[in-house]
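Below is one structure, written out as structure tokens; comments come after it.
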Amino acid sequence: MPIDLSTPPVPISFEVYPPRSEAGFPALHETIRRLAEVDPRFISVTYGAGGSTGGRSLQLLTHILHETHVEPLAHLTCVGNTYPGATALIREFLDAGITSFLALRGDPPTGSSEDDRFLGDLESAAQLVQLIDRVQAERSPYTEAPIPGVPGAVRVERRRRVDIAVAAFPNGHPRSRRAGDDVEALLAKQAAGATMAITQLFFHADDYLSFVQRARGAGVTMPIIPGIMPITSPARLRRVLELTGEPLPSELSIALEIEPAAEGQREVGVAHASRLVREVLAGGAPGIHLYAFNNHDTVLAVLREAGLLDRPLHKELPR
Ligand code: FAD
């Protein structure tokens, strides 16, 4: 279905992850530069549960902050952290100039038991939302910046309030006990102060659209941005199903399996993701968040095939 170009521009965002070592930074910086060219509303950077990638996440976020015009959005997880530890971490990110967060509970380390003892002091993402809000509220409401050429003079500015996003699960979180849990959990995160939700990947537009409808019915008013992942090989499909617990999308799975060449599989993934983009936008999605896997070519191909690079993109999300 072609997109009507007279409709308002669409806010786009991307997710990347920090490189495994310092050596991975140069290639990732080039990817960031290429993603920034399409003027996304933000680029988010994942955070290894338990702090495993914390330093490199912040390094990448500050690169986005200083080297591009794009808003960096920091994922933060609660897993395994104490209150003082989480508070210090939030302060460190705020001090570095990061003002947008995605507050997550995080997953237990592989091999840990299924109960919640792995969590540490914070038990849910909603509690982390409250903590981020509290830590920012305790800071001075003003910042001081030196005025170039005027020794000793400072410019006083009101500090920007932080934006706190949270995760949403259109097909249910693997640990949810009943169907309504995920809408209730999202409502709790909104009540705690979250202002936007980004969804787990899904394979059918109806999964997202019906979830949004249920969430609206329950009183969730914040924008719910669909998270879309181009699946470009059978191996990637297996890996994400394992990580997310999503049901197997049989049509996509068969299309990937019968295509022998890697380039052909990539085309299958791009076509599937761009169809999803068009369908969720036609259903009223307020933006598109693309899981980029630290590669710009594929996500930009998805946007191009969905017709979104032919018109100006919009940086602001409707409130
Ligand atoms: P929560 O909202 O605390 O809970 C998850 C689910 O548990 C709820 O949806 C609900 O089903 C159930 N639940 C929670 N509270 C209740 C309740 N009171 N009553 C009943 N049920 C309840 N992980 C990382 O480690 N690093 C990352 O950078 C990262 N980025 C992510 C980005 C996105 C967009 C998404 C969707 C996930 C990401 N994850 C990341 C994975 C995430 O940490 C896991 O999915 C985790 O298991 C759940 O996190 P949450 O913030 O949704 O947790």
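Ligands are counted one by one from 1 in listed order, and the atoms in each one are counted from 1 as well.
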As an exercise, state the distance from CZ of Phe203 to CE of Met229, rounded to the nearest 0.5 Å.
8.0 Å

Answer yes or no: are there more than 12 heavy-atom neighbours, outside Arg139 itself, under 6.0 Å from its atom CZ?
yes

For atom CD of Glu37, is the number of surrounding heavy atoms from other residues, nucleotides or ligands below 6.0 Å larger than 12?
yes

Yes or no on side-chain hydrogen bond (donor to acceptor under 3.5 Å, both in side chains) for Thr31 and Asn294, after CA distance, side-chain angles and deciding distance?
CA-CA 7 Å; Thr31 287; Asn294 289 9; over 6 Å; no

Do the side chains of [X] and [Y] join up, straight or via other hydrophobic residues, at under 4.5 Å, putting them in one cluster?
X	Y	value
Val280	Leu186	yes
Leu290	Leu243	no
Val240	Leu248	yes

Counting both backbone and side chain atoms, is some N or O of [X] under 3.5 Å from an N or O of ligand 1?
X	answer
Ser176	yes
His173	yes
Thr199	no
Tyr47	yes
Gly106	yes
Glu123	no
Gly48	no

Record the part of Arg105 in heavy-atom contact with ligand 1 below 4.0 Å; permitted values are side chain, backbone, both and neither.
both

Heavy atoms only, cut-off 4.0 Å: how does Ala125 contact ligand 1, side chain, backbone, both, or neither?
both

Under the criterion side-chain contact (heavy atoms from CB on, under 4.5 Å), which of Leu102, Ile90, Ile164 is the partner of Leu128?
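So the option named by the test is Ile90.
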
Looking at Thr244, Thr199, Asp207, which hits side-chain contact (heavy atoms from CB on, under 4.5 Å) with Asn171?
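That would be Asp207; it is the only one of Thr244, Thr199, Asp207 passing the side-chain contact (heavy atoms from CB on, under 4.5 Å) with Asn171.
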
With heavy atoms of [X] as the reference, note each atom of ligand 1 found under 4.0 Å away.
X	result
Leu102	32 (C)
Ala185	8 (C), 9 (O), 10 (C)
Asp181	11 (O), 20 (C), 21 (N)
Ser124	3 (O)
Thr46	28 (O)
Phe169	9 (O), 45 (O), 52 (O)
Ala167	35 (C), 36 (C), 52 (O)
Tyr291	34 (C)

Answer with yes or no whether Lys189 contacts ligand 1, where contact means a heavy atom under 4.0 Å from a ligand atom.
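It does, in that a heavy atom of Lys189 comes within the 4.0 Å cut-off of ligand 1.
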
Parallel, tilted or perpendicular, judged at 30° and 60°: which one describes the rings of Phe93 and Phe101?
tilted

Just say parallel, tilted or perpendicular for the rings of His173 and Phe169, cut-offs at 30° and 60°.
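The rings of His173 and Phe169 stand perpendicular, inter-plane angle above 60°.
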
Heavy-atom check, side chain of Arg216 versus side chain of Ile224, under 4.5 Å:
yes

Would you tell me which option among Leu104, Ile225, Val129 has the nearest heavy-atom contact to atom 38 (C) of ligand 1?
Leu104

